[in-house]
Amino acid sequence: MDRLRHLAAMSAVLEQAKGVVMALTGCSPGAAEKELQRRAGTGGRTVLEECWITLGSLAPPGGAAPEPELAVLAESVVPSSRDAAADEGSAALGALGRELVPVTTPQELACCLLEHLAPQVDADAVMIYARLPAGGLELVGHAGIDDTFAAQWHRIPPLSGVAALEALRAGEPRWLEDVAADRKRYLLIGGPTDRWGSRAWLPVPTGASPSVCIGILRTRSGPFSASARTHLQGAVRLCAGRLRAFRTDLKAGAGAAAAEALQAVFEALPGAAMLLTPLPGASGVIDDYRIDAATAQASDVVGGAGPELVGRRFQEACPALAGEPLWQGLHGALTTGEPYESEPFAHQEVVDGVAELSTYTLRAARLGEGLFVTWVRHGSSDRQEQRLADVQRLGSLGWASWNLVTHEATWSSQVFELLGRDPGEGPVRLTDLPGLALPEDVPALARAIGELLGGSRPFDVPFRVRTADGLRHLRAVAEAVPDAAGRPVEVHGVVQDLTAQRSAELALMESERAVLSQHDVLRAERALAGRLQHALLPLPTRPVRLAGLRVEVAYLPAQSGTHVGGDWFSAIELPDGDALFVVGDVAGHGIDAVATMAQLRFTAKGMVITGSSLTGALARLNTLLLHSRDSHGTATMVLARYSPAERRLVWAQAGHPPPLLLRGGRAHYLDRPRGILIGASTTPDFAEAECALAPGDRVLLYTDGLVERPTEGLDQGLKRLSSAVLSHHTDEPGSLAPLLAAMLEGDRRDDVCVLDIRVPEDPQ
């Protein structure tokens, strides 16, 4: 008989675990049992162990989030990698799983745990505490301590420094292994304090917020070993399923009786109604609802008698009603507590063997932890009124009629709203309708009404009214109904709101005018800047000779945008026979940039001509740009002076790309001396660099528009330029054209200025 009772208890645990899997996955009982066997085999556990793990992982009632995946829980209890210690621990846990089967109370659970843990981890006492609603703890089971000791520690208020409470709040164990240190931090449960050399408080993982904590008390001092900690955590996890079974067993009988009474109440209710209980999925999100009670009239909507629907899932019983808007409405009613009423929807039902399309509205209200759902069926007149109201609302219009014989007028509620008239004042006569419009729109509306009444001529007239919400643009359309003699006796009309359309038209017209005006301004500014730039920066049409050098110049304006840039160059011969070369770039575009460009270009030439050094000129130009009210931001620049007697090129720069030297079939960039862009600092530091040129050398001075691209860095652009110079090098005049064509593919966003300086070959 004992063996039969043991087998029956084990069968009950298996059936409970199967029910958990079925609830989480929606599978059949046979598939649930196979899934438990598969998980047990994968984790190297017995089926009974897997059942306890599965029961322990189930979230508590009330929609709390469940534990992580059961497979992960299984791995945390019994590792998949097997060794001697793991096999021994697995066998011990398996034995504990079998010992837990006949346990029916928390007190028996404590005794079972102590008997199991005493040889495993040297446990001397076990205490099981449950969290109270007020936040404290209650001792629900104990072993290894006498009743007097248990009575002293039966209730613990929600104080700070209680290790068991901290373990529950954090969801993690608390290991008390040093009495002297622990006494300073915690209120030690189980006095006198020196009786227990070490303690462990482990929360039972019964959901997102554990409510049961198990304490292991040892007389021996010192820390728990790693294997002891692992074993304790595995044992506590197995206890989670047993603790859940306690609650299930206690509530099962009362639950069945309550369910029968609830269904009896619903069978007496009129109309179609259901009581739904939410079913959260593995992630905690509600996947479906269980029908716990249903009225007989619910079959009109979902089919099947009321009692037959109990226990089924809502989506299974009502697949046509599980659409997104309704589903979100049910969820909102459950989470916020605000009742939900759906939009009217069509549903086909069979009446006396004939398919009939009916219109329903679903209403849902929270009732405890579930939802009370009802359906209201609308008659044909209700549906027509609803459709007419929907047309008026969606079309922003309303209907009106005037009886010319009885002088009665009838307006829909939408007309009162459109005209800004209080419904309590009633509608106005047709001939008084123009009095509601703005004064400037009265003549046209009055004339149209007169022609309608005099000759039955329909009208379609726009007019405006001023309401509490502001000016409103309306449209009135009307026609007359004549009698047998052709005299109008009734007028039917429609008033439509065109405010949004008219506002959009006016905004579009204003935007078009602004765009055209801005376009004209930009075009005029570009033309003026272009003429100014051409006057200030004339381009030679062929190579020029300066100090024995052959110089070619190229300037290409940007193709994108509407502004002229501030790139410039200078190439002149100085009074002492040297040559001066300048290439610069002012930040920005437009007339301001051109004006700053002219200021810097002419000032730089004047300073060098009158004897300033290159660095001195840059320093003075920096001061000029900083203190000039008409200056335009910052600028970069390179100044180079060539002495033909020594073939020496001295140069300085201010934040500008370095010159490129082509010599003997190789190209490299000159090392830049110190120098930051002009207009950026009050204390700039400029330096000069020197380069001896040889016959056949070629030097390129250029602005950044030649090498910069939005999709690449400056280093890539410089590398591309050196490669292009080598590929398109020729000693013939006009050699810049193929080079620029290779470098400037596609749309240019910036101006490009290039000085091509060549040292002639010595005559043979």
Side-chain angles (χ1 to χ4, degrees), residues 325 342-346 359 381-404 406-482 488-519:
S342 73
E343 293 290 334
F345 60 89
T359 301
S381 60
D382 295 335
R383 291 197 298 271
Q384 291 176 359
E385 288 185 7
Q386 182 63 44
R387 290 168 184 166
L388 181 58
D390 290 342
V391 169
Q392 294 184 82
R393 175 176 52 83
L394 296 174
S396 295
L397 53 84
W399 58 267
S401 64
W402 291 270
N403 190 312
L404 304 180
T406 62
H407 303 291
E408 294 180 354
T410 306
W411 288 0
S412 68
S413 60
Q414 194 76 6
V415 173
F416 286 99
E417 181 178 347
L418 294 178
L419 293 173
R421 184 173 175 82
D422 185 358
E425 298 178 359
V428 300
R429 294 185 178 186
L430 181 60
T431 53
D432 296 333
L433 184 62
L436 302 179
L438 293 185
E440 50 267 38
D441 295 339
V442 169
L445 185 56
R447 183 169 55 255
I449 293 175
E451 293 176 353
L452 172 68
L453 298 178
S456 297
R457 182 178 177 180
F459 67 77
D460 185 341
V461 180
F463 66 100
R464 294 165 297 170
V465 297
R466 191 170 300 280
T467 68
D469 296 331
L471 186 65
R472 185 169 290 169
H473 294 264
L474 303 178
R475 170 195 181 199
V477 181
E479 65 178 2
V481 178
V489 294
E490 194 169 3
V491 173
H492 298 159
V494 173
V495 179
Q496 185 178 14
D497 187 2
L498 302 179
T499 304
Q501 176 182 337
R502 185 58 178 160
S503 298
E505 292 174 353
L506 294 175
L508 180 59
M509 293 173 58
E510 185 65 27
S511 176
E512 290 177 349
R513 283 196 296 267
V515 169
L516 291 175
S517 176
Q518 183 67 15
H519 179 72

Quick one: are V481 and H492 in side-chain contact, heavy atoms under 4.5 Å? yes
Does E440 pair with R464 as a salt bridge, N-O distance under 4.0 Å? yes
Do P434 and I449 come within less than 4.5 Å of each other through their side chains, counting heavy atoms only? yes
Spacing of N403 atom CG and R429 atom CZ [to the nearest 0.5 Å]: 11.5 Å
Heavy-atom nearest pair, W411 first then A400, reads CD1-CB, 3.3 Å
Ignoring hydrogens, what is the shortest heavy-atom contact between A476 and F463? Give both atom names and the distance. CB-CE2, 3.6 Å
R466 and L471: CA distance, side-chain angles, deciding distance, side-chain contact (heavy atoms from CB on, under 4.5 Å) verdict: CA-CA 5 Å; R466 191 170 300 280; L471 186 65; 4.1 Å; yes
The test is side-chain contact (heavy atoms from CB on, under 4.5 Å); show your working for V428 and R421 and say whether it passes. CA-CA 10 Å; V428 300; R421 184 173 175 82; 3.4 Å; yes
Beyond-backbone contact of D497 with Q414, side-chain heavy atoms, under 4.5 angstrom: no
4.5 Å side-chain heavy-atom contact, L419 and L433: yes
Indicate the atoms forming the closest heavy-atom contact of A448 with V461, along with that distance. CB-CG2, 3.4 Å
More than 12 heavy atoms of other residues, nucleotides or ligands under 6.0 Å from CD of E479: yes or no? no
Please check if any side-chain donor atom of D469 sits under 3.5 Å from a side-chain acceptor atom of T467, or the reverse. no
Measure the CG-CG distance between L438 and L445 for me, rounded to the nearest 0.5 Å. 11.5 Å
Non-hydrogen atoms of P462 and D460 that approach each other most closely: CD-O, 4.1 Å
Any side-chain heavy atom of W402 sitting closer than 4.5 Å to one from P427? no
Is there a side-chain contact between Q496 and V477, using heavy atoms and a 4.5 Å cut-off? no
Contact summary for A478 and V491, nearest pair of heavy atoms: CB-CG1, 4.0 Å
Do L474 and R472 touch side chain to side chain, with heavy atoms closer than 4.5 Å? yes
Are the side chains of Q501 and H473 in contact, using a 4.5 Å heavy-atom criterion? no
Rounded at 0.5 Å granularity, tell me how far OG1 in T499 sits from CG in L418. 8.5 Å
